[in-house]
Engineer: 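Got a structure for you, questions after.
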Amino acid sequence: MAPANIADYLVTDDLTLLLGLIAATVFLLHTFNKPQPLVHPILLGRQSDVARVRNPGESAVYRNYGTGLISRFPLRPGKEVHILADFVRSDHDLPRTLWNTKITNATLQDRVAAVGTGFIRLAGLQPGESNVLLFLNDCIEFLISDLALASHSIPSFTLTTSQLLSPVLESHPPSAIITNAELLPSLLELIYDGGENTQKYTIIVVGEPSAHAMASVASKIRVLRWDEVEREGNKVEKILSPIPKPQDVFTVSFYANGNGQIQGAQFTHANLTAGVAAINSMFPAAQALSRLDTIVSGHSLSTAYGRAVAYSAIYEGTSFATLHSSKLFRGDEATIKYDVTDVLSIKKFPIPSPTILFIKPGHLESLVDAILREAKKSFFLNSFAWRHKLAGISEGFVTKDSLWDRLVYDGARARVIGEGAGTVRAVVVSDGTLRASILTPARVALSCPIINTYTHPLVAAPILASHPLDLQSFPPSSEKESAASGPPSVNVEAKVVGISDDAVEAGGDPEGSLLIRGPPVGKLGGVEESYVDVQKLEEEEGWAATGARAIIQTNGSFKLLA
């Protein structure tokens, strides 16, 4: 038999050409339709800049990669912002809704000036000498009071829990107390229980107090209505005080540490402007906060972080409101639940649909469980949708505009969240441990960036914040393993102490107690010496102990340990 010619093996017919064309087309479609990562993987591999040297028993100092080791920390969200009053920008003249009130910046400035004048004339407060306890739940009156007091250099006191009211009144009796009408009876009862306390109190009440509460007011207590104070300020020429300096203390936030000891964190104007700068920097430039956003927060304004979130909304000109669970002071003993019902409590306010959610881990877990339960009702399509969404996330890509969102998840989100289902574009989780196992389901269910942060009562900003477009997922060692909290914020330095030098020299990840410093970090003070945590007084070079333990991963992100 004659040997075969090579050309005989290359003979083709129409069917062979058609199959080859189909194969090439499928390959090209797969290549070009494959989702591209939203951020370059190299950026996720090095999220912190690390100092080249370290002290024995300590890790090196870590900074956010975007800041670098030799760059200055951002201190303000804008060059014109130096004190609290500067957050209310005169160049923003469009109205926005704060809780129940639609208001422009010009009107807000007028109300702040009127209330400040009323505080001085009617309540008898002295600029630079008096202090005021804000025993208030979140409302626009809280913000107006805060701005008015700060503009006259009158420090405010805030409490992160109602249990601190009695010891703070005993150790630091304020010149005046601003409270809600529904809280007046319990406040009066606490004052009367003081027995021999001869302190005279001026109480300014937001809302209409009950006749029974007013009838129980003792002679040593003077009760003024908020409306009266504001009207008094509108009647006369506004009182102007010297402009405060950025380094002036404008508030003291009292909180209990892990040992139950009372701490007082002093915050200056500069601390809060740095906190707002850090919050704004969490979002990529292409997704920056704007006046078109609506910010919803689950964090009380009585906390430093909650106040920084609120002032971020004020600075950007966005609508803003807080969840029902942010009420720290209640007349009943109802248990606070961080669930879908709490997230939906925002519907009682006439604000536009929320776009940015600052919530707690319980809120996120409850939302994800509810949405995925609804999605599973489309039992045939859901399995395909779940696989395709996971495939995109594994490639570093997430979107709300996919076919599977339109077929499955848009409807599931709408049935759980309602109108806001299509507007939420970012979720920031703070104040608690977020399980690593919930992150991927959350990205599927909400189809938007999830930012996990670590906060502390001593800091007016996120201490650690994960990259919003970091969609990497690593199998957790246990169901309760916490998710990575990301690198330090743009104006915070962090390190861990008490590490094993041998383990680190062998290439292990540093693990120890987390210390921090930077512009948003407040200063301990304003409490009796017996309340002060001695460990914090011993820290040198401005480092403050958080009381948390953390491990620093190879890519420069931190993970909190139980």
Engineer: About how many Å separate NZ of K559 and OG1 of T433, when rounded to the nearest 0.5 Å?
Structural biologist: 12.0 Å
Engineer: Can N105 and R89 be said to form a side chain to side chain contact (heavy atoms under 4.5 Å, CB included), step by step?
Structural biologist: CA-CA 7 Å; N105 277 0; R89 300 161 67 176; 4.3 Å; yes
Engineer: When you compare the side chains of S156 and T251, does any donor N or O come within less than 3.5 Å of an acceptor on the partner?
Structural biologist: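 A pair is found: one side chain offers a donor N or O, the other an acceptor, under 3.5 Å apart.
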Engineer: Going by the side-chain contact (heavy atoms from CB on, under 4.5 Å) test, name the single residue among V490, V309, V428 that passes it with I279.
Structural biologist: V309
Engineer: Can a donor-acceptor pair be found, under 3.5 Å and without considering hydrogens, that links the side chain of R54 to the backbone of E58?
Structural biologist: yes
Engineer: What's the separation between atom OH in Y65 and atom OG in S48, rounded to the nearest 0.5 Å?
Structural biologist: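 Between atom OH of Y65 and atom OG of S48 there are 11.0 Å.
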Engineer: Distance alone, cut at 3.5 Å: any donor-acceptor contact between the side chains of S473 and T440?
Structural biologist: yes
Engineer: Between I314 and R96, is the side chain to side chain contact (heavy atoms under 4.5 Å, CB included) condition met? List the steps.
Structural biologist: CA-CA 9 Å; I314 295 297; R96 35 75 180 282; 4.0 Å; yes
Engineer: Is the distance between the ring centroids of F250 and F267 under 6.0 Å?
Structural biologist: no
Engineer: How far apart are the C-alpha atoms of L165 and L133, what are their side-chain angles, what is the distance that settles it, and do they pass the side chain to side chain contact (heavy atoms under 4.5 Å, CB included) test?
Structural biologist: CA-CA 10 Å; L165 178 58; L133 172 62; 3.6 Å; yes
Engineer: Describe, in one word, how the ring planes of F135 and F329 are oriented to each other, choosing from parallel (under 30°), tilted (30 to 60°) and perpendicular (over 60°).
Structural biologist: tilted
Engineer: With distance as the sole criterion, is a donor-acceptor pair present between the side chains of S500 and D502 under 3.5 Å?
Structural biologist: no
Engineer: Do R307 and F142 meet the cation-pi criteria used here (NZ or CZ under 6.0 Å from the six-membered ring centre, within 45° of the axis)?
Structural biologist: no
Engineer: In Å, rounded to the nearest 0.5 Å, how long is the span from OG of S466 to CD1 of I450?
Structural biologist: 9.0 Å
Engineer: Compute whether any side-chain donor of one residue and acceptor of the other, for S326 and D138, lie under 3.5 angstrom apart.
Structural biologist: yes
Engineer: So, T161 versus Q163: side-chain donor-acceptor pair below 3.5 Å or not?
Structural biologist: yes
Engineer: Output, in order, the C-alpha distance, side-chain angles, deciding distance and verdict of side chain to side chain donor-acceptor pair (under 3.5 Å) for D86 and Y315.
Structural biologist: CA-CA 8 Å; D86 296 332; Y315 176 71; over 6 Å; no
Engineer: Could you tell me whether R435 and E481 have a side-chain N and a carboxylate O separated by less than 4.0 Å?
Structural biologist: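 Salt bridge absent between R435 and E481.
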Engineer: Indicate yes or no: does K337 engage E365 in a salt bridge with an N to O separation below 4.0 Å.
Structural biologist: no
Engineer: Tell me if a side-chain donor or acceptor on N257 pairs with a main-chain N or O of I262 at a distance below 3.5 Å.
Structural biologist: no
Engineer: Going by atom types only, do S447 and K389 share a side-chain donor-acceptor pair under 3.5 Å?
Structural biologist: yes
Engineer: Output the distance between atom CG (L458) and atom CD1 (I516), rounded to the nearest 0.5 Å.
Structural biologist: 6.0 Å
Engineer: In terms of relative ring orientation, are F358 and Y305 parallel, tilted or perpendicular, with 30° and 60° separating the classes?
Structural biologist: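 Geometry flag for Y305 against F358: perpendicular rings.
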Engineer: Could you go step by step and tell me if Q47 and D470 meet the side chain to side chain contact (heavy atoms under 4.5 Å, CB included) rule?
Structural biologist: CA-CA 10 Å; Q47 300 186 31; D470 184 355; 3.1 Å; yes
Engineer: Using a strict 4.0 Å threshold on nitrogen-to-oxygen distance, state whether D405 and K400 make a salt bridge.
Structural biologist: no
Engineer: Would a distance-only check, ignoring hydrogens and angles, find a side-chain to backbone donor-acceptor pair under 3.5 Å from H324 to D342?
Structural biologist: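 Judged by distance alone, no pair lies under 3.5 Å.
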Engineer: To the nearest 0.5 Å, tell me how far I359 CD1 sits from S366 OG.
Structural biologist: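 So the CD1 of I359 and the OG of S366 are separated by 9.5 Å.
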Engineer: Please report the interatomic distance CG(L560) to OG(S482), rounded to the nearest 0.5 Å.
Structural biologist: 6.0 Å
Engineer: For the pair R425 and D293, find out whether any cationic side-chain nitrogen is under 4.0 Å from an anionic carboxylate oxygen.
Structural biologist: yes
Engineer: Can a donor-acceptor pair be found between the side chains of N64 and T67 at a distance below 3.5 Å?
Structural biologist: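 No, T67 and N64 have no side-chain donor paired with an acceptor closer than 3.5 Å.
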Engineer: Checking side-chain contact (heavy atoms from CB on, under 4.5 Å) between H269 and each of V81, V249, D248, which is the one that passes?
Structural biologist: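 Answer to the side-chain contact (heavy atoms from CB on, under 4.5 Å) test with H269 among V81, V249, D248: D248.
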